[in-house]
Amino acid sequence: MTPKPMPPLRLILAAALVLAPLLPALWWLWRQGAIGPAVAVLGGLAGIGGVALMLQLYFRDLRMVAAHAAQLAAGPTEVVPPLPVTASRPVRAAAAAAVRLHRVMNARTELALAQLEANESIIEALHDPLVLVGAERQVARANQAARALFGDRILDRDLAASLRNPAVLEAVDAVLKGGASRILEFSLPVPVERMFEVRVKPFQRRVPRPAPGEDGVPAGTVPGRMVILTLHDITALRRSEQMRADFIANASHELRTPLSSLLGFIETLRGPAREDLEAHERFLSIMQDQASRMARLVNDLLSLSRIELDEHMPPAGKVDVLDRLDGVMAALELKAASRRIRLTLEAPDGLPAVVGDEDQLTQVFQNLVSNAIKYTRENTDVTVAVSLADGVAVGVSGPAGRGGRGMQMVAVAVRDQGEGIARTHLPRLTERFYRVDAARSRAMGGTGLGLAIVKHIVNRHRGRLTIESAVGVGSTFTVYLPAASEESGEGRAAEPVRRQA
């Protein structure tokens, strides 16, 4: 703010105060007769006037410097306001120093703002949720990942309103009171259970430490102390560990049973049944079944391992779905006929090819049709229906197609008329070795890996597998695969053709 000019009366009074030591001397000289009264009065007035003029010039220079600094503060960095032509050399020197200081401070401010913006962007872009908690557990800051996890209402509220875990809240309170950092795990049950590792670390702000009991300082907290919560999602890690443990346990169990049978039959054939040809024939048949079961299990395990190894690399070939389905249904025709099951293929004309690996898609169709033949009722139909679908409608992301639609998908649905599957089992059907009826599955030669193989192959093809079932009605397993081109959209409206085996 530019200082205002000093009023004349105040200027005269200030000059008189400056000459206060000189006025008694003039009075003393007049009393001694050294000077006349007129000379004494004129000398005093001249001194006051001279001092007043000097103060006027001094305050004028101060006003110039203040006005120049105010203009610097109000204008852009590169604009330097001109000084009046009447400015003295000291004023110009002071103004030049103010300009240099202004430029240095602006440069530092811009650097600080750039660093602050970079820090803000980094914090917002962090994949892991980050929450800054202040006194009384008030959430002062939450990055985008934290807001997505807990909702936008987490800010400026008690942490307990969004994160209702006693162990985490206890750790936050302890660190706010001066405790050391803590690391613990907790789970969020909804909407889908997720496991998190949370790190609770102190963060000390630079604020004056108030006196004990001062108003505004919560009891038991350290002034300026905050807590940083970083959450790391370990759901996949924990599930992987559990899956690995289950896999080892199940694989060893699946292999141990046929191995025990083989060893028992070999011991019997080498011992009590050495000369019994009828027992030889019966035991060898059982041993062949058990060895075949182990061979299927090992082959499925190797196949699953190879598929998982390449799951991150999508295939680039083109596959004719109808050609593959014709081959699969022809290969399984005898198996279906043995149970008096009719295989029917329904598909539109002009169906586009799909992007995929021919051998792996053949394995998918064979597993699904074979399962349908195993579990449908005798003297019923197994229907394979092929159609076109929109990727967005079935939950598959991809480039938009014509007319605003999502990526075009080819849907292959395998429907049986079996006993159906209860809804509680549907989410786990694609797990390794998971069986709804373990005894029935083993009796039919199943390894418990077929649907797991299907799921991983479909994942590699960037498609989707859906399962619908009703107890007593039957089940439908549908595979959605990306179409190789979008020029065959006319197949959607074509009349379907039926092929029956």
Side-chain angles (χ1 to χ4, degrees), residues 318-354 356 358-390 393-394 408-421 426 429-430 436 440-441 444-446 450-451 453-455 457-458 461 463-484 488-501:
K318 292 187 179 182
V319 179
D320 186 337
V321 172
L322 293 182
D323 180 63
R324 292 296 89 204
L325 287 171
D326 282 337
V328 168
M329 295 177 73
L332 295 174
E333 183 178 354
L334 292 178
K335 182 179 180 179
S338 66
R339 301 190 66 225
R340 299 187 298 279
I341 294 170
R342 294 172 295 277
L343 301 179
T344 303
L345 176 62
E346 299 177 353
D349 290 330
L351 191 73
V354 300
E358 188 173 283
D359 292 337
Q360 288 188 349
L361 291 183
T362 301
Q363 189 174 9
V364 167
F365 301 146
Q366 184 167 346
N367 283 0
L368 293 179
V369 176
S370 179
N371 279 350
I373 294 172
K374 286 180 186 177
Y375 295 108
T376 194
R377 300 183 184 95
E378 290 191 3
N379 199 25
T380 58
D381 293 341
V382 170
T383 303
V384 181
V386 186
S387 61
L388 290 175
D390 185 75
V394 299
Q408 195 176 50
M409 309 291 290
V410 174
V412 180
V414 181
R415 295 192 294 267
D416 64 53
Q417 300 177 29
E419 298 296 333
I421 305 167
L426 295 183
L429 285 180
T430 56
V436 177
R440 183 184 178 191
S441 175
M444 292 181 175
L451 289 179
I453 292 173
V454 169
K455 181 190 73 172
I457 291 177
V458 172
H461 285 69
R464 189 184 180 199
L465 170 67
T466 62
I467 305 173
E468 300 174 358
S469 185
V471 176
V473 178
S475 305
T476 301
F477 293 78
T478 306
V479 172
Y480 297 93
L481 300 167
S488 301
E490 64 274 12
R492 186 187 301 272
E495 290 295 325
V497 297
R498 295 176 62 89
R499 306 179 190 178
Q500 185 166 320

Exercise for the section: Check for a donor-acceptor pair, side chain of Ser338 on one end and backbone N or O of Lys335 on the other, with a separation under 3.5 Å. Expected result: yes
Problem - Closest heavy-atom pair and its distance - Ser370, Leu332 - result: N-CD1, 3.8 Å
Exercise for the section: Without swapping roles, check the side chain of Arg415 against the backbone of Ala385 for a donor-acceptor pair under 3.5 Å. Expected result: no
Practice task
Provide the closest heavy-atom pair for Arg464 versus Val458 in the form atom of the first, atom of the second, distance.
Solution key: N-CG1, 3.2 Å
Problem - Close side-chain approach of Val454 to Phe477, heavy-atom, < 4.5 Å - result: no
Problem - Nearest non-hydrogen partners of Asp390 and Met409, listed with the distance - result: C-CG, 4.3 Å
Exercise for the section: Can you measure from CE (Met329) to CG (Leu343) and round to the nearest 0.5 angstrom? Expected result: 4.5 Å
Completion exercise
What one should report as the nearest heavy-atom pair of Ile341 and Arg377 is CG1-O, 4.0 Å
Exercise for the section: Identify the heavy atoms of Ser475 and Ser469 that sit nearest to each other, and give their distance. Expected result: OG-OG, 2.7 Å
Completion exercise
Here the gap from Asp416 atom CG to Ile373 atom CD1, rounded to the nearest 0.5 Å, amounts to 10.5 Å
Problem - Gap between atom CG of Leu325 and atom OG1 of Thr362 - 0.5 Å precision - result: 8.5 Å
Exercise for the section: Compare all side-chain heavy atoms of Val386 with those of Leu345 and state whether any distance is below 4.5 angstrom. Expected result: yes
Handout entry: Value rounded to 0.5 Å, distance of CG in Asn371 from CD in Gln366
Key = 10.5 Å
Practice task
Could you give me the CA-CA distance, side-chain angles and deciding distance for Gln417 and Val473, then say whether side chain to side chain contact (heavy atoms under 4.5 Å, CB included) is met?
Solution key: CA-CA 6 Å; Gln417 300 177 29; Val473 178; over 6 Å; no
Handout entry: Euclidean distance, Leu481 CG relative to Leu465 CG, rounded to 0.5 Å
Key = 10.0 Å
Exercise for the section: Rounded to the nearest 0.5 Å, what's the gap from CD on Glu358 to CG on Asp320? Could you check? Expected result: 9.0 Å
Practice task
Kindly give the heavy-atom pair with the smallest separation between Val382 and Ala372, and that separation in Å.
Solution key: CG1-CB, 3.7 Å
Practice task
Determine, stepwise, if the pair Leu451 / Leu368 fulfils side chain to side chain contact (heavy atoms under 4.5 Å, CB included).
Solution key: CA-CA 8 Å; Leu451 289 179; Leu368 293 179; 3.9 Å; yes
Problem - Heavy-atom side-chain proximity of Leu351 to Val410 below 4.5 angstrom - result: yes
Problem - 4.5 Å side-chain heavy-atom contact, His461 and Gln360 - result: yes
Handout entry: Side-chain heavy atoms of Leu426 within contact of Ile421, under 4.5 Å
Key = yes
Problem - Side chain proximity check, Thr376 to Arg339, heavy atoms < 4.5 angstrom - result: yes
